[in-house]
2 protein chains.
Amino acid sequence: MADHVSGKWLQRAGLAQRTGCNLETIRYYERIGMMPDPPRTASGYRIYDDSHVARLRFILRARELGFAIEQIRGLLDLVDCGAQTCAEVKERTERHLADVRAKIADLRRIEKVLASTAALCSGDEVPECPVLDALAS
Amino acid sequence: MADHVSGKWLQRAGLAQRTGCNLETIRYYERIGMMPDPPRTASGYRIYDDSHVARLRFILRARELGFAIEQIRGLLDLVDCGAQTCAEVKERTERHLADVRAKIADLRRIEKVLASTAALCSGDEVPECPVLDALAS
DNA sequence: CTACAGTCTGTAGCAACTACAGGCTCAAGA
DNA sequence: TCTTGAGCCTGTAGTTGCTACAGACTGTAG
């Protein structure tokens with residue numbers, strides 16, 4: 001049980017540290033089947049290797065780019081089957097990109113309303129407020 | 001029990017219809033204390049009037065502008081106490097605006113990465129894909 | 001030999017809803 | 001008058017993506 005110190009394999013904390021992933025999130029990904037059930041030591045401790053590091057990094061990068069868990073699962077399924085094609089992945093990426101752009105558009109609309117309404121505020125210690133008026137109207 | 005038809009007061013579905021709010025969401029807002037517990041008919045049906053319509057619209061508008069429930073609760077608390085000042089509301093609005101702008105910045109970073117990576121894709125029926133490479137790297 | 005850090009499991013909580021199931025009530029048509 | 005069906009009631013579970021705990025066990029260092 002000292003090989004995880006010598007670096008031959010990793011325990012959960014090691015995987016977390018190598019990937020920047022939260023400790024509990026690893027277990028969560030295993031539970032929902034994004035990460036495989038890892039082999040165990042005789043006493044039940046999880047054993048990870050570089051393949052786990054790579055897969056978890058893939059998931060985390062995709063999450064950083066805003067892909068939903070189910071979308072990432074889809075990508076991983078493709079790759080796991082060796083069935084991925086650049087055409088398919090590109091299409092999925094562009095669909096996701098469209099979602100991202102829609103969210104940006106939503107937020108920019110919100111930003112405009114907030115900024116223009118707040119700009120009407122006197123900022124004085126008075127009860128009347130254009131922001132409240134806008135919300136109540 | 002016919003006054004809600006004549007328009008003197010509203011039942012839950014009427015309030016939902018007047019505000020565009022989902023039926024169940026009304027009950028949810030009552031449960032978490034954003035909306036007051038409404039008076040009831042003898043048989044337990046909720047009774048709403050214009051004050052409920054106004055308050056619910058306030059909440060829904062604020063939600064549309066991305067305010068979190070707790071922020072809205074804060075604004076409503078101010079107003080309910082008559083303690084609101086334009087200065088205070090402006091400050092809260094600008095804090096929220098900063099959050100919105102941060103989210104936009106995040107999404108734009110994501111958008112750039114997605115767009116530039118997808119642009120590298122051949123889109124062909126080949127297994128190699130720049131998007132997958134970027135995620136795996 | 002004993003601390004104590006690390007791991008294990010199951011479960012509960014977060015935001016902000018949404019959607020049932022199973023039981024009442026009310027108004028309208030036969 | 002009776003019945004049908006829509007609408008209301010309550011409690012609870014599901015959603016997404018984690019995060020955090022409690023209580024038990026294990027492994028290592030002093």
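Reckoned from all heavy atoms, side chains included, excluding hydrogens, waters and symmetry mates. Every chain is numbered from 1 and lettered A, B, ... according to where its sequence line falls, protein lines coming before strand lines.
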At less than 4.0 Å, is any side-chain N or O atom of B/Ser43 found next to OP1 or OP2 of D/dC8? Yes or no. no
Can you check salt bridge (charged side-chain N to carboxylate O under 4.0 Å, His left out) on B/Asp80 and B/Arg55, steps first, answer last? CA-CA 11 Å; B/Asp80 289 346; B/Arg55 191 179 180 94; 3.2 Å; yes
Among the nucleotides D/dC21, D/dC18, D/dG7, which one has an atom lying closest to any side-chain atom of A/Tyr29? D/dC18
Hey, which of these two, A/Ile47 or A/Arg31, hits DNA chain C nearer its 5' end, going by closest nucleotide? A/Ile47
Looking only at side-chain atoms of A/Glu24, point me to the closest of D/dG17, D/dC8, C/dG10. C/dG10
Whole-Å gap separating P (C/dC14) and OH (B/Tyr28): 10 Å
To the nearest 0.5 Å, how far apart are NE2 in A/His96 and CG in A/Leu65? 6.5 Å
Under the criterion salt bridge (charged side-chain N to carboxylate O under 4.0 Å, His left out), I'd like the reasoning laid out for B/Glu24 against B/Arg27: C-alpha separation, chi angles, the key distance, then a yes or no. CA-CA 5 Å; B/Glu24 297 290 305; B/Arg27 207 157 60 95; 3.4 Å; yes
Measure CG/B/Leu10 against P/D/dC8 and give the value in whole Å, please. 11 Å
Rounding to an integer number of Å, can you tell me how far B/Leu23 CG sits from C/dC20 P? 13 Å
Measuring to OP1 and OP2 of D/dG17, would you say a side-chain N or O of A/Asn22 lies under 4.0 angstrom away? no
Using a cut-off of 6.0 Å, state whether more than 12 heavy atoms not belonging to A/Arg108 lie near its atom CZ. no
Tell me: CD1 of B/Ile59 to P of C/dA15, nearest whole Å? 16 Å
To the nearest angstrom, how far is A/Gln71 atom CD from D/dG17 atom C1'? 13 Å
Side-chain-base donor-acceptor pair under 3.5 Å for A/Arg27 and C/dG10: yes
Nearest-Å distance for atom pair CG/P, residues B/Leu65 and C/dA16: 14 Å
Side-chain N or O of A/Arg73 closer than 4.0 Å to phosphate OP1/OP2 of D/dG17: no
Select one nucleotide: of D/dA20, C/dC8, D/dG17, the one nearest the side-chain heavy atoms of A/Arg12. C/dC8
Are A/Arg46 and C/dT7 close enough that a side-chain N or O sits under 4.0 Å from OP1 or OP2? no
With hydrogens left out and only the distance checked, is there a donor-acceptor pair under 3.5 Å joining A/Tyr45's side chain and the base of D/dG27? no
Round to the nearest Å and state the distance from A/Ile32 atom CD1 to D/dT19 atom P. 12 Å
OP1, OP2 of C/dC17 versus side-chain N and O of B/Arg63: anything below 4.0 Å? yes
Whole angstroms only, please: what is the CD-P distance between A/Glu70 and D/dT15? 10 Å
Side chains of B/Cys129 and A/Glu88 in contact at under 4.5 Å (non-hydrogen atoms): no
Can you tell me if the side-chain N/O atoms of B/Thr25 get under 4.0 Å from OP1 or OP2 in C/dC17? no
